[in-house]
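Just below is one structure, and these are the notes that go with it.
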Amino acid sequence: LAIANAIKCFNPELYLVGLYNSQLTKAAQDMGLKFLAEGFADRHYDKNGKLVSRSIDGSVIHDLREIKHRVESIIDHGIVKTMEGDTIEIKVDTICVHGDNENALNITKELNRLLKQRR
């Protein structure tokens with residue numbers, strides 16, 4: 001609520017961007033803000049739709065094929081595979097690639113190509 005309130009006070013026309021189905025989603029709704037749900041190309045989700053802690057091996061995805069497949073699955077079907085191997089529903093407006101992933105620039109370029117091809 002503090003983040004949503006700060007945005008509303010600064011400029012209520014701004015979009016609040018955050019994890020799909022998170023507390024930020026509810027805070028944006030409560031404050032009457034526009035919200036963009038963020039999906040994560042290079043991070044694993046758990047069965048509850050939360051990001052798996054970086055302290056767990058494999059939580060950050062480095063395989064470019066897997067990342068591209070995940071993004072296509074999110075866009076085409078509204079689902080993503082969890083770290084446990086299940087699939088969960090996810091509706092997103094934007095895709096995030098973490099800048100601290102050592103392959104972030106290459107991932108971003110490949111996803112940009114993929115998305116441009118799909119137009």
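One is the number of the first residue; the rest follow in order along the sequence.
Here the shortest heavy-atom pairing between V97 and A41 reads CG2-CB, 4.2 Å. Shown here for S22 and L19, the closest heavy-atom pair between the two residues is OG-O, 2.7 Å. Taking every heavy atom of both residues into account, G39 and Y45 meet most closely at CA-OH, 3.4 Å. Looking at every heavy atom in both residues, V92 comes nearest to I95 through CG2-CD1, 4.0 Å. The heavy-atom pair separating M31 from A4 by the smallest distance is CG-CB, 3.7 Å. Heavy atoms only, all atoms of each residue included: T82 and H44 are closest at C-ND1, 4.1 Å.
Here the CG atom belonging to L33 is positioned 12.0 Å from the OG1 atom belonging to T25, to the nearest 0.5 angstrom. The OG1 atom of T108 lies 9.0 Å from the CG atom of N103; values are rounded to the nearest 0.5 Å. The distance from atom CD of E72 to atom CG of L111, rounded to the nearest 0.5 Å, is 9.5 Å. Residue I88 holds its CD1 atom at 9.5 Å from NZ of K50, rounded to the nearest 0.5 Å. With rounding to the nearest 0.5 angstrom, the CG atom of D63 is 9.5 Å from the CD1 atom of I107. Rounding to the nearest 0.5 Å gives a distance of 10.5 Å between CG of L105 and CD of E110.
Cluster annotation: Y20 is not connected to L16 through the hydrophobic network of ILVMFWY side chains, with a link wherever side-chain heavy atoms come within less than 4.5 Å. By the criterion of side-chain heavy atoms lying less than 4.5 angstrom apart, applied directly or through intervening Ile, Leu, Val, Met, Phe, Trp or Tyr residues, V71 is not grouped with V60; the two fall into different hydrophobic clusters. In the hydrophobic cluster analysis, where Ile, Leu, Val, Met, Phe, Trp and Tyr join through side-chain heavy atoms closer than 4.5 angstrom, F40 is grouped apart from F35. Taking hydrophobic clusters as Ile, Leu, Val, Met, Phe, Trp and Tyr residues chained together by side-chain heavy-atom distances below 4.5 Å, L114 shares a cluster with I75.
Hydrophobic cluster of I56: the remaining members, joined at side-chain heavy-atom separations below 4.5 Å, are V52, M83, listed by chain and number. In this structure, L36 belongs to a hydrophobic cluster whose other members, linked by side-chain heavy atoms under 4.5 Å apart, are Y15, V17.
Within 6.0 Å of the NZ atom in K109, the count of heavy atoms belonging to other residues, nucleotides or ligands does not exceed 12. Heavy-atom neighbours of H69 NE2 from other residues, nucleotides or ligands within 6.0 Å: at or below the threshold of 12. Counted within 6.0 Å of CD1 on I3, heavy atoms from surrounding residues, nucleotides or ligands total 12 or fewer; the atom is thus considered open.
The pair D100-R54 counts as a salt bridge, with a side-chain nitrogen and a carboxylate oxygen less than 4.0 angstrom apart.
With sequence neighbours left out, the salt bridge (charged side-chain N to carboxylate O under 4.0 Å, His left out) criterion links D76 to R118.
Residues H62 and E102 form a side-chain contact, since some pair of their non-hydrogen atoms from C-beta on lies under 4.5 Å apart.
Not a single donor-acceptor pair under 3.5 Å links the side chain of R70 to the backbone N or O of D42.
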